[in-house]
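Data first, discussion second: the structure below is written as structure tokens.
In each ligand, atom 1 is the first atom listed, and ligand 1 is the first ligand listed. Starting from 1, each residue takes its place in the sequence as its number. Predicted model only: the values in this text are computed from it and were never measured.
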Amino acid sequence: MRLDKFLAHAQIGTRKEVKQIIRKKRVCVNGVVCSKDDTHIDETQDIITIDGEEVYYEQYVYIMLNKPQGVISATQDTQHETVLDCIDVLLPKGCFPVGRLDIDTEGLLLITNDGKLSHQLLSPKHHIDKRYYVEVAKSLSKEMIHTLENGSIVLDEKVIQESNVEQINDKSCYLTIKEGRFHQIKRMMHAVGNDVVYLKRVQMGTLVLDETLSCGDWRWLSNEEIQQLKAYTG
Ligand code: URA
């Protein structure tokens with residue numbers, strides 16, 4: 001693996017920052033100063049240090065992105081920017097977004113190369129709660145809220161599972177769903193005679209969107225967030 005890629009995986013900094021650190025001769029490979037970012041290293045054998053401190057290789061990466069509108073939840077696309085394009089570090093191969101948000105949906109998206117965790121978060125058996133902030137076109141009536149919550153809506157010939165509505169005002173609410181069907185919230189609102197005008201995911205399982213992240217920004221998950229997610233998904 002390239003040295004700059006290794007350091008970026010190890011969450012030392014952005015691609016640009018890592019290159020600067022290398023050029024400033026702060027990095028050693030097996031005790032020898034290395035100032036070329038394209039040097040190939042063996043991440044399983046070589047000892048890499050920055051200012052004398054050893055850097056450890058992370059097999060899995062976990063990223064929280066505040067997805068902006070206009071970006072698609074895919075790893076590559078010929079027409080649109082993808083969520084991976086929003087991440088300005090060299091990512092290891094095999095990173096992907098966990099689940100999909102529509103092109104016009106904003107908010108919490110986990111990006112990882114941990115297939116097991118992703119499977120556990122997405123598996124319908126696990127009923128992972130996904131909480132969304134929703135703004136709608138028409139006032140939310142009591143009947144609408146009741147129907148949204150009690151699971152009587154049929155999508156794709158199957159009744160959806162119960163959901164939870166926390167009303168904020170007459171045209172906005174938090175809606176928590178347990179499944180992740182195609183356009184689920186938009187179709188649920190449509191089924192009760194309403195329309196979504198703005199949608200943002202704010203939570204997935206134990207993972208809560210960091211509100212200090214502006215739209216399009218990202219950060220690494222903390223160890224605590226990773227452990228909590230793993231414990232929650234079992
Ligand atoms: N439901 C939707 O309709 N769209 C999303 O992006 C997520 C949930």
Side-chain angles (χ1 to χ4, degrees), residues 63-77 79-87 96-112 117-140 144-168 171-211 213-218 229 232-233:
I63 286 171
M64 175 191 294
L65 170 69
N66 184 356
K67 178 192 168 299
Q69 294 187 3
V71 168
I72 61 163
S73 303
T75 52
Q76 51 186 21
D77 191 79
Q79 286 180 333
H80 295 99
E81 200 186 338
T82 73
V83 288
L84 290 192
D85 296 326
C86 298
I87 315 300
F96 55 86
V98 177
R100 283 205 212 156
L101 293 178
D102 296 338
I103 192 161
D104 54 354
T105 301
E106 294 179 0
L108 176 66
L109 196 66
L110 172 65
I111 294 173
T112 185
L117 180 66
S118 166
H119 173 75
Q120 284 170 329
L121 284 168
L122 296 179
S123 161
K125 281 190 223 145
H126 284 95
H127 308 304
I128 302 295
D129 281 348
K130 283 147 291 243
R131 187 164 181 255
Y132 291 83
Y133 168 73
V134 194
E135 289 177 9
V136 286
K138 298 177 207 156
S139 292
L140 285 161
M144 285 178 192
I145 293 174
H146 178 73
T147 311
L148 289 168
E149 282 192 319
N150 74 8
S152 62
I153 296 172
V154 176
L155 298 179
D156 310 318
E157 294 165 13
K158 272 196 213 145
V159 179
I160 59 161
Q161 287 174 22
E162 286 181 7
S163 37
N164 181 255
V165 178
E166 301 156 72
Q167 195 165 3
I168 300 168
K171 288 189 182 170
S172 70
C173 66
Y174 288 106
L175 177 55
T176 303
I177 56 174
K178 293 187 184 300
E179 297 151 288
R181 304 224 208 147
F182 185 62
H183 297 328
Q184 179 160 341
I185 291 185
K186 289 175 187 160
R187 291 198 292 160
M188 284 170 74
M189 285 299 178
H190 198 66
V192 298
N194 214 326
D195 279 307
V196 170
V197 294
Y198 177 78
L199 188 59
K200 176 180 184 177
R201 183 158 64 192
V202 293
Q203 187 167 355
M204 186 177 192
T206 53
L207 190 63
V208 180
L209 178 66
D210 182 339
E211 290 292 349
L213 289 177
S214 306
C215 239
D217 283 354
W218 64 275
L229 256 191
Y232 177 77
T233 55

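- Checked by distance only, ligand 1 and R100 stay at 3.5 Å or farther apart across all their nitrogen or oxygen atoms.
- The shortest N or O to N or O distance between H183 and ligand 1 is under 3.5 Å.
- Of all atoms in ligand 1, numbered sequentially from 1 with element shown, those under 4.0 Å from a heavy atom of L101 are 6 (O).
- Within 6.0 Å of the NE2 atom in H190, the count of heavy atoms belonging to other residues, nucleotides or ligands does not exceed 12.
- Side-chain contact between S118 and V98: present, with at least one pair of heavy atoms (C-beta onward) separated by less than 4.5 Å.
- Here Q167 pairs with L140, I145 under the side chain to side chain contact (heavy atoms under 4.5 Å, CB included) rule; sequence neighbours left out.
- The shortest N or O to N or O distance between D102 and ligand 1 is under 3.5 Å.
- Residue L199 has no nitrogen or oxygen atom sitting less than 3.5 Å from a nitrogen or oxygen atom of ligand 1, judged on distance alone.
- Taking every non-hydrogen atom of Q184 and a distance limit under 4.0 Å, the qualifying atoms of ligand 1 come out as 1 (N), 2 (C), 3 (O).
- Side-chain contact of E106 with Y198: a donor-acceptor pair under 3.5 Å is present, judged by distance alone.
- Contacts of V208 classified as side chain to side chain contact (heavy atoms under 4.5 Å, CB included), with partners at least two apart in sequence or in another chain: Q203.
- The pair E135-K200 does not count as a salt bridge, with every side-chain nitrogen at least 4.0 angstrom from each carboxylate oxygen.
- With hydrogens left out, the protein atom closest to atom 1 (N) of ligand 1 is I185 N, 3.1 Å, a heavy atom.
- Atoms of ligand 1 found under 4.0 Å from any heavy atom of Y132, numbered from 1 in the order shown, are 7 (C), 8 (C).
- Look at K186 and D102 and you find a salt bridge, because one of the NZ, NE, NH1 or NH2 atoms lies within 4.0 Å of a carboxylate O, short of that distance.
- Listed by atom number, the atoms of ligand 1 under 4.0 Å from T105 heavy atoms are 4 (N), 5 (C), 6 (O).
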